[in-house]
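Residue numbers begin at 1 in each chain, while the letters A, B, ... track the order of the sequences. Note that the coordinates shown come from a computational prediction; the quantities given were computed from them, not determined experimentally.
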Number of protein chains: 4
Amino acid sequence: MARPRTRTLVYDAVLSLAREDRLGSISMEGVAARAGVSKQTLYRTWPSTRVILFDALLARSLSEDGMVAVPNSGYLEVDLESLVVATIAELTDSTQEPLLRAVTADIQTDEVLAAQFRDRLLTPQLKAISNRLRRESIDDPDAAAELLLGPIFHRWLLRTRAFEPGWASAHVQRVLQATASRAVLLDLLARRP
Amino acid sequence: MARPRTRTLVYDAVLSLAREDRLGSISMEGVAARAGVSKQTLYRTWPSTRVILFDALLARSLSEDGMVAVPNSGYLEVDLESLVVATIAELTDSTQEPLLRAVTADIQTDEVLAAQFRDRLLTPQLKAISNRLRRESIDDPDAAAELLLGPIFHRWLLRTRAFEPGWASAHVQRVLQATASRAVLLDLLARRP
Amino acid sequence: MARPRTRTLVYDAVLSLAREDRLGSISMEGVAARAGVSKQTLYRTWPSTRVILFDALLARSLSEDGMVAVPNSGYLEVDLESLVVATIAELTDSTQEPLLRAVTADIQTDEVLAAQFRDRLLTPQLKAISNRLRRESIDDPDAAAELLLGPIFHRWLLRTRAFEPGWASAHVQRVLQATASRAVLLDLLARRP
Amino acid sequence: MARPRTRTLVYDAVLSLAREDRLGSISMEGVAARAGVSKQTLYRTWPSTRVILFDALLARSLSEDGMVAVPNSGYLEVDLESLVVATIAELTDSTQEPLLRAVTADIQTDEVLAAQFRDRLLTPQLKAISNRLRRESIDDPDAAAELLLGPIFHRWLLRTRAFEPGWASAHVQRVLQATASRAVLLDLLARRP
DNA sequence: CCTTAACCGAGACGGTACGTCCCGTCTTCTA
DNA sequence: TAGAAGACGGGACGTACCGTCTCGGTTAAGG
């Protein structure tokens with residue numbers, strides 16, 4: 001509905017506000033003022049600040065290819081570890097973190113937003129990982145992908161602990177062992193004293 | 001600061017509101033009206049609705065022993081599976097879920113609340129699990145505890161998938177295999193054809 | 001400026017809205033929507049709803065000869081009384097009254113509109129009456145016309161009282177006595193015991 | 001409901017705005033800003049600017065005895081003429097006129113306001129005049145009072161003509177003649193050549 | 001038992017933001 | 001080339017809560 005020019009103004013405004021303000025304090029009036037746009041123009045296109053923010057993030061991730069890609073060097077362990085490191089880096093990046101936290105907070109109370117977030121970002125991410133795993137001798141690649149991401153988000157979302165150096169590597173080891181097939185386990189045992 | 005009678009009224013009010021209303025729509029005025037208490041009385045003791053809600057949850061979990069306890073039957077697999085099942089049950093209980101989601105949403109934007117939540121509820125929970133694991137031949141019980149809870153909360157917080165029947169059991173298997181020592185792995189292989 | 005077809009649509013729209021809505025709630029957008037005309041088309045021709053309404057009333061009074069004419073039967077008293085009765089009827093007619101009230105309200109704040117209203121409707125009306133009076137033995141026909149209409153509008157505009165039956169007749173008597181010449185007064189006295 | 005201090009601030013604000021602004025452009029937000037009062041404080045007590053304005057006028061007319069009193073020197077003609085002159089002066093006073101016009105405009109669309117205006121201001125005024133007339137040999141003092149005020153308001157409300165010098169005196173003559181009894185008419189004729 | 005201080009209800013208040021309506025201007029697309 | 005369609009900046013609407021601030025009444029402990 002809104003013209004491209006307007007969308008750009010609004011996205012820039014909401015992202016800059018999210019960077020500097022308390023996240024809960026972003027208001028439609030504030031966004032309108034910052035964007036130099038009338039409130040009605042906002043409401044014609046977006047029902048709430050959370051949706052604006054989500055759209056802005058989506059637009060950015062589409063344009064800049066902001067998503068974390070799954071590397072594919074042929075060495076599974078190496079690939080998974082660099083994926084974990086990249087994911088942690090994104091989650092704790094000072095410009096990204098507040099935005100991502102805002103959206104995940106919104107997900108708790110907005111099922112529509114949650115569905116969009118799931119379908120457009122999370123499920124593709126999990127699928128990309130499980131596809132990478134499927135090409136190796138992994139019994140249940142979907143479960144392995146969850147096992148890989150679960151503890152990362154557990155720490156981040158519930159703020160239980162920071163990510164200590166070396167953790168990524170050990171974590172990948174555990175995940176691979178968790179879903180290793182009989183053959184791989186035998187191989188592992190052979191290599192471990 | 002507030003008298004016990006007042007606290008009870010307020011906690012009951014906020015919990016009943018949380019059950020019926022949209023969670024974001026809980027307001028100090030609404031709680032005051034529901035509790036039959038003046039706004040000033042609320043503000044004397046609590047700075048915001050999120051703190052009231054958190055206090056109310058804490059008070060309840062202390063009184064009713066609402067926390068999920070780690071069973072200790074001697075059979076590790078059985079114990080972990082029943083723990084996972086109980087955790088999932090609590091997270092998806094229709095009266096609990098909205099409250100828990102509200103608090104986890106608040107955690108994203110309120111670091112003080114996050115610290116309290118972590119210290120009073122999450123860390124004890126993880127410790128209880130890792131203590132249970134330590135008594136078995138588990139290499140890294142803390143990591144195992146995270147591996148156990150991480151995917152559960154990943155599904156629940158990011159709403160990626162529902163918990164399908166049988167998942168708990170398979171998940172426990174994977175977690176145990178992930179952190180199994182050489183001896184345990186040999187045992188596992190012996191039992192698996 | 002606007003094409004006749006457009007004018008008709010607009011006049012019909014504004015008159016129908018005036019009949020059904022609260023008078024203050026007529027808006028340019030509402031008229032445009034009702035008339036099936038774009039807002040720009042309205043603004044090209046009329047600056048405000050009050051002007052549209054006034055134009056619509058004028059157009060109607062010109063076409064339907066909606067104005068109250070001064071009867072001329074030769075019997076002054078009879079003529080004046082039927083004029084008064086007709087005027088009261090117009091002012092209190094349920095389809096006319098709201099429109100007339102809207103315009104008179106506008107007159108209080110819009111001097112341009114007041115001038116048009118005066119020149120096109122009120123002054124001709126007063127002139128018609130005083131011309132009728134001038135043909136009789138009336139000292140000051142302009143004053144008499146004002147004396148005739150003044151109390152009618154005083155009751156109607158300030159809503160002081162309803163018009164009770166028989167009032168018109170007595171009122172005409174008083175007005176005639178008020179402006180009677182010496183000769184007429186003598187005649188009156190001769191006829192009154 | 002509002003505290004006296006607040007009422008004073010609000011009345012002063014609305015009266016000062018009415019003096020300087022276009023009358024139709026008085027808004028709740030404008031009054032609140034000028035009074036240094038929050039919008040909610042206004043709405044808690046008054047439903048609209050028209051009611052604020054009316055209350056402010058009432059408060060002023062009560063405190064300053066702003067109403068036009070009927071003089072009582074014993075000489076009826078003299079008294080009525082000075083009453084007419086005073087009334088005209090009030091209606092055309094540059095600080096009063098916009099306020100009075102605003103209220104009379106509102107009366108056209110607000111029947112509740114009209115009733116209050118009638119009962120608190122207009123009817124007492126008419127009664128005061130007719131009481132003064134009743135003490136003389138006037139047949140129908142109520143009708144005479146209407147005959148006296150009607151043309152004044154006709155000119156003022158419909159803006160038909162300005163009040164020319166000498167008109168007040170001639171108008172009083174006509175009104176007295178209009179409702180004069182036989183005895184008074186004889187007296188009048190005797191005094192007029 | 002009485003006082004005296006903490007606690008409480010009630011609610012007016014200045015303020016921010018909400019989401020809506022309408023203003024008057026402007027551009028774009030269609031007939 | 002006129003006109004519908006409608007996006008746009010702007011102002012005001014009336015409402016919901018915010019957090020602060022008196023102002024009287026209760027209540028419960030300590031003298």
> Could you go step by step and tell me if Arg34(A) and Ser16(A) meet the side-chain hydrogen bond (donor to acceptor under 3.5 Å, both in side chains) rule?
Replying inline: CA-CA 9 Å; Arg34(A) 173 70 60 99; Ser16(A) 76; 2.8 Å; yes

> Taking atom CD of Glu20(A) as the centre, does the number of heavy atoms from other residues, nucleotides or ligands within less than 6.0 Å exceed 12?
Replying inline: yes

> Within the pair Arg3(A) and dC8(F), is there a side-chain N or O less than 4.0 Å away from OP1 or OP2?
Replying inline: yes

>> Looking at every non-hydrogen atom in both residues, tell me the closest pair between Arg50(A) and Asp106(A) and how far apart they are.
In response: CB-OD2, 2.9 Å

> NA contact type, Gly36(A), heavy-atom cut-off 4.0 Å: base, sugar-phosphate, or nothing?
Replying inline: sugar-phosphate

>> Measuring only between side-chain heavy atoms, which start at C-beta, is Thr104(B) closer than 4.5 Å to Leu157(A)?
In response: no

>> Can you confirm whether Arg7(D) sits close enough to Trp46(D) that some side-chain heavy atom of one is under 4.5 Å from a side-chain heavy atom of the other?
In response: yes

>> Both Ala35(B) and Glu29(B) contact DNA chain E. Which one's nearest nucleotide lies toward the 5' end?
In response: Ala35(B)

>> Looking at every heavy atom in both Ala114(D) and Ile107(D), which two are closest together, and how far apart are they?
In response: CB-CG2, 3.7 Å

> How long is the line joining CE of Met28(B) and P of dC17(F), in whole Å?
Replying inline: 13 Å

> Want to settle it: does Ile26(D) or Ala2(A) sit nearer the 5' end of DNA chain F, counting the closest nucleotide to each?
Replying inline: Ala2(A)

> Among residues 6-18 of chain A, which residues get a heavy atom nearer than 4.0 Å to DNA chain E?
Replying inline: none

> Residues from residues 38-57 of chain D sitting under 4.0 Å of DNA chain E, heavy atoms only?
Replying inline: Ser38(D), Gln40(D), Thr41(D), Arg44(D)

> Can you tell if the side chain of Leu158(B) reaches within under 4.5 Å of the side chain of Arg118(A), non-hydrogen atoms only?
Replying inline: no

>> How close do Trp156(B) and Leu91(B) get, counting heavy atoms only, and between which atoms?
In response: NE1-O, 3.0 Å

>> Could you report the tightest heavy-atom contact between Arg60(A) and Leu15(A), atom names first, then the distance?
In response: CD-CD1, 4.5 Å

> So what does Ala32(D) touch, heavy atoms closer than 4.0 Å: a base, only the sugar-phosphate, or nothing?
Replying inline: nothing

>> So if I take every side-chain heavy atom of Ser27(A) and compare against dC22(E), dC18(E), dA4(F), which nucleotide ends up nearest?
In response: dC18(E)

> Closer to the 5' end of DNA chain E via nearest nucleotide, is it Ser25(C) or Met1(D)?
Replying inline: Met1(D)

